[in-house]
Protein chains: 2
Amino acid sequence: MNINIDFVNKLRISGLRPTKQRLKICEVLFNTEKTFHFTVNDLSKIISEKLNQKISLATIYNTVHAFKKKGYLKEISMNSDKTYFDTNTTHHHHFFDSSTMKLIDLSDDQVEKIKINKALPGKKISSVEILVKIENE
Amino acid sequence: MNINIDFVNKLRISGLRPTKQRLKICEVLFNTEKTFHFTVNDLSKIISEKLNQKISLATIYNTVHAFKKKGYLKEISMNSDKTYFDTNTTHHHHFFDSSTMKLIDLSDDQVEKIKINKALPGKKISSVEILVKIENE
DNA sequence: TACTTTCTTTAGAATCATTATAAACTATAA
DNA sequence: TTATAGTTTATAATGATTCTAAAGAAAGTA
């Protein structure tokens with residue numbers, strides 16, 4: 001499996017030991033054409049149901065947080081009982097469909113430049129995220 | 001107290017019975033100059049510690065949700081372990097200061113008009129919210 | 001290779017916000 | 001005053017997330 005060699009290197013470079021649990025999670029998250037949104041519960045189900053593997057929930061939480069810290073995942077800012085993560089770490093925004101409870105990417109160039117005309121002394125902007133809520137017409 | 005007469009009327013108009021618990025919560029939330037942000041836990045503390053009153057947590061949850069449903073409160077979209085509410089129900093956005101974990105209003109006219117150049121068939125936009133994360137310089 | 005250290009994984013317990021339940025209570029209308 | 005529908009409440013239940021402490025695995029060193 002040469003796919004995994006990349007992941008092994010990436011993990012090592014990040015200071016994370018390439019354990020088989022982390023490699024499995026890498027495959028699920030980063031071995032796809034398209035980026036996607038997920039909750040820890042989603043990820044856990046993919047691993048146990050689709051791949052028939054057993055990785056402890058605690059490990060999945062640990063790994064997701066470690067990946068987020070390293071910048072390989074983004075946490076999405078929205079109010080929900082669950083926390084959503086995004087494998088698309090480029091700067092972009094989201095639609096949230098209240099009818100289906102699903103997130104949809106809204107790329108940066110599909111939004112006209114946002115200009116914030118308010119400065120807060122001693123503070124700098126670290127991110128600007130738009131959440132567009134949609135519903136059935 | 002003529003303040004309360006207003007609240008009694010407002011509650012009645014909204015189809016909510018003006019109970020003493022709801023009136024007390026109205027006073028805390030709406031009897032101030034400035035709007036503010038709070039969590040259910042904050043509100044509960046204000047009532048028990050500052051006002052020395054006892055309102056069940058369940059009632060506070062019920063009331064806050066009822067007020068939100070009627071449009072007297074807004075829920076703020078951001079990822080946090082707690083849910084934040086806002087007594088400012090006009091259309092506006094937020095700064096979230098990661099250093100202090102506090103929300104700051106960003107009024108609509110302090111943001112240049114947002115244009116979303118992506119339409120989703122069969123869906124309509126119900127809200128557009130910007131969250132600007134800031135940190136110490 | 002053997003040993004040591006440090007990092008990881010794990011099951012299960014603990015925590016914390018929130019919601020559900022069901023009985024007691026209260027506002028309202030007739 | 002009485003009946004009814006809406007409310008409050010304590011408490012239990014739920015569900016996501018974090019903590020714990022012990023067992024296991026990777027990396028570094030000789």
Side-chain angles (χ1 to χ4, degrees), chain A residues 4-5 7-28 37-48 51 53-70 72-73 75-85 101 103, chain B residues 4-5 7-28 37-48 51 53-70 72-73 75-85 101 103:
Chain A
N4 275 17
I5 292 170
F7 291 140
V8 167
N9 287 334
K10 214 156 189 182
L11 287 168
R12 282 233 176 81
I13 289 163
S14 311
L16 297 171
R17 289 182 181 172
T19 63
K20 60 178 190 301
Q21 290 87 345
R22 285 179 178 156
L23 288 170
K24 181 55 64 183
I25 292 172
C26 278
E27 277 179 43
V28 174
H37 309 114
F38 67 95
T39 65
V40 165
N41 197 48
D42 294 337
L43 180 53
S44 173
K45 271 191 184 151
I46 292 169
I47 292 164
S48 67
L51 307 184
Q53 306 246 304
K54 228 174 288 167
I55 299 182
S56 160
L57 235 200
T59 300
I60 298 178
Y61 271 100
N62 287 342
T63 304
V64 164
H65 285 140
F67 286 3
K68 182 197 160 190
K69 204 166 186 178
K70 298 297 176 184
Y72 303 139
L73 289 175
E75 197 171 337
I76 299 169
S77 289
M78 59 167 296
N79 192 289
S80 161
D81 49 337
K82 290 170 195 168
T83 298
Y84 285 82
F85 291 91
M101 299 290 282
L103 284 160
Chain B
N4 276 17
I5 292 170
F7 292 140
V8 167
N9 288 333
K10 213 154 190 184
L11 287 169
R12 281 232 178 80
I13 289 164
S14 312
L16 298 171
R17 289 184 181 173
T19 64
K20 61 177 188 303
Q21 291 88 344
R22 284 177 177 158
L23 289 170
K24 182 55 65 185
I25 291 172
C26 278
E27 277 180 43
V28 175
H37 310 113
F38 67 95
T39 63
V40 165
N41 198 48
D42 295 336
L43 180 52
S44 174
K45 272 192 184 152
I46 293 168
I47 293 164
S48 67
L51 308 183
Q53 306 246 307
K54 228 174 289 169
I55 300 182
S56 160
L57 235 199
T59 301
I60 298 178
Y61 271 100
N62 287 342
T63 305
V64 163
H65 285 141
F67 287 2
K68 182 196 160 190
K69 204 168 185 175
K70 296 299 177 184
Y72 302 139
L73 287 175
E75 196 171 339
I76 299 169
S77 290
M78 59 168 293
N79 191 288
S80 161
D81 49 338
K82 290 169 192 167
T83 299
Y84 284 81
F85 292 91
M101 298 290 282
L103 284 159

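Residue numbering restarts at 1 for every chain, and letters A, B, ... go by the order of the sequence lines.
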With rounding to the nearest 0.5 Å, note down the distance linking CD1 in A/Ile25 to OG in A/Ser44.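 A/Ile25 atom CD1 to A/Ser44 atom OG measures 9.5 Å (nearest 0.5 Å).
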CG of B/Asn62 to CZ of B/Arg22: how many Å apart, nearest 0.5 Å?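 Between B/Asn62 CG and B/Arg22 CZ, I get 8.0 Å after rounding to 0.5 Å.
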Would you say the side-chain atoms of A/Ser14 and A/Tyr72 include a donor-acceptor pair closer than 3.5 Å?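 Present: a donor and an acceptor within the cut-off.
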Any side-chain donor paired with an acceptor under 3.5 Å for A/Thr39 and A/Asp42?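 On atom types as modelled, these side chains qualify, holding a pair under 3.5 Å.
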Between [X] ([atom1]) and [N] ([atom2]), how many Å, whole number?
{"X": "B/Lys24", "N": "C/dT26", "atom1": "NZ", "atom2": "P", "answer": "17 Å"}
{"X": "B/Lys54", "N": "D/dT9", "atom1": "NZ", "atom2": "P", "answer": "10 Å"}
{"X": "B/Ile47", "N": "D/dT9", "atom1": "CD1", "atom2": "P", "answer": "10 Å"}
{"X": "A/Leu43", "N": "D/dA16", "atom1": "CG", "atom2": "C1'", "answer": "15 Å"}
{"X": "B/Tyr61", "N": "C/dA20", "atom1": "OH", "atom2": "C1'", "answer": "13 Å"}
{"X": "B/Asn62", "N": "D/dA10", "atom1": "CG", "atom2": "C1'", "answer": "13 Å"}
{"X": "B/Lys20", "N": "C/dA27", "atom1": "NZ", "atom2": "P", "answer": "7 Å"}
{"X": "A/Leu57", "N": "D/dG15", "atom1": "CG", "atom2": "C1'", "answer": "11 Å"}

Contact class for B/Thr83 vs. all strands (heavy atom < 4.0 Å): base, sugar-phosphate, or nothing?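 Counting heavy atoms under 4.0 Å across all strands, the contact made by B/Thr83 is with sugar-phosphate only.
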Reckon B/Thr19 touches a base, only the sugar-phosphate, or nothing at all at heavy-atom distances under 4.0 Å?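 Sugar-phosphate contact only.
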Which is more 5' along DNA chain C, the nucleotide nearest A/Ile55 or the one nearest B/Lys82? Just name the residue.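 Between the two, 5'-proximity favours A/Ile55.
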Report the residue (A/Ile60 or B/Asn41) whose heavy-atom-nearest nucleotide on DNA chain C is the more 5′ of the two.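 Looking at DNA chain C, the more 5' nearest nucleotide goes with A/Ile60.
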Nucleotide of C/dT18, C/dG12, C/dT8 approaching A/Ala58 most closely (side-chain heavy atoms):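 The listed nucleotide nearest to A/Ala58's side chain is C/dG12.
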Counting side-chain heavy atoms from CB outward, which of D/dT8, D/dA10, C/dT8 is closest to B/Thr63?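 When the side chain of B/Thr63 is considered, D/dT8 is the closest of D/dT8, D/dA10, C/dT8.
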Quick test: give all pairs of protein nitrogen or oxygen and nucleotides 4-6 of chain C nitrogen or oxygen below 3.5 Å, distance rounded to 0.1 Å.
residue: C/dT6; atom: O2; partner: A/Arg17; partner atom: NH1; Å: 3.1
residue: C/dT6; atom: O2; partner: A/Arg17; partner atom: NH2; Å: 3.2

With side chain to side chain contact (heavy atoms under 4.5 Å, CB included) as the test, pick out the partner of A/Gln21 among A/Thr59, A/Thr63, A/Ile47, A/Ile60.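 Going through the options one by one, the only one that passes is A/Thr59.
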Closest non-hydrogen atom pair between B/Tyr84 and B/Met101, with its separation: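 Closest heavy-atom pair between B/Tyr84 and B/Met101: OH-O, 3.8 Å.
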Side chains of A/Val64 and A/Phe38 in contact at under 4.5 Å (non-hydrogen atoms):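 Yes, at least one pair of side-chain atoms sits under 4.5 Å.
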Is the shortest side-chain heavy-atom distance between A/Phe85 and A/Ile76 below 4.5 Å?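 A side-chain contact is absent here, since even the closest heavy-atom pair is not under 4.5 Å.
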Indicate whether OP1 or OP2 belonging to [N] is found under 4.0 Å from a side-chain N or O atom of [X].
{"X": "A/Thr59", "N": "C/dT10", "value": "yes"}
{"X": "B/Arg12", "N": "C/dT28", "value": "yes"}
{"X": "B/Gln21", "N": "D/dT9", "value": "yes"}
{"X": "A/His65", "N": "D/dT18", "value": "yes"}

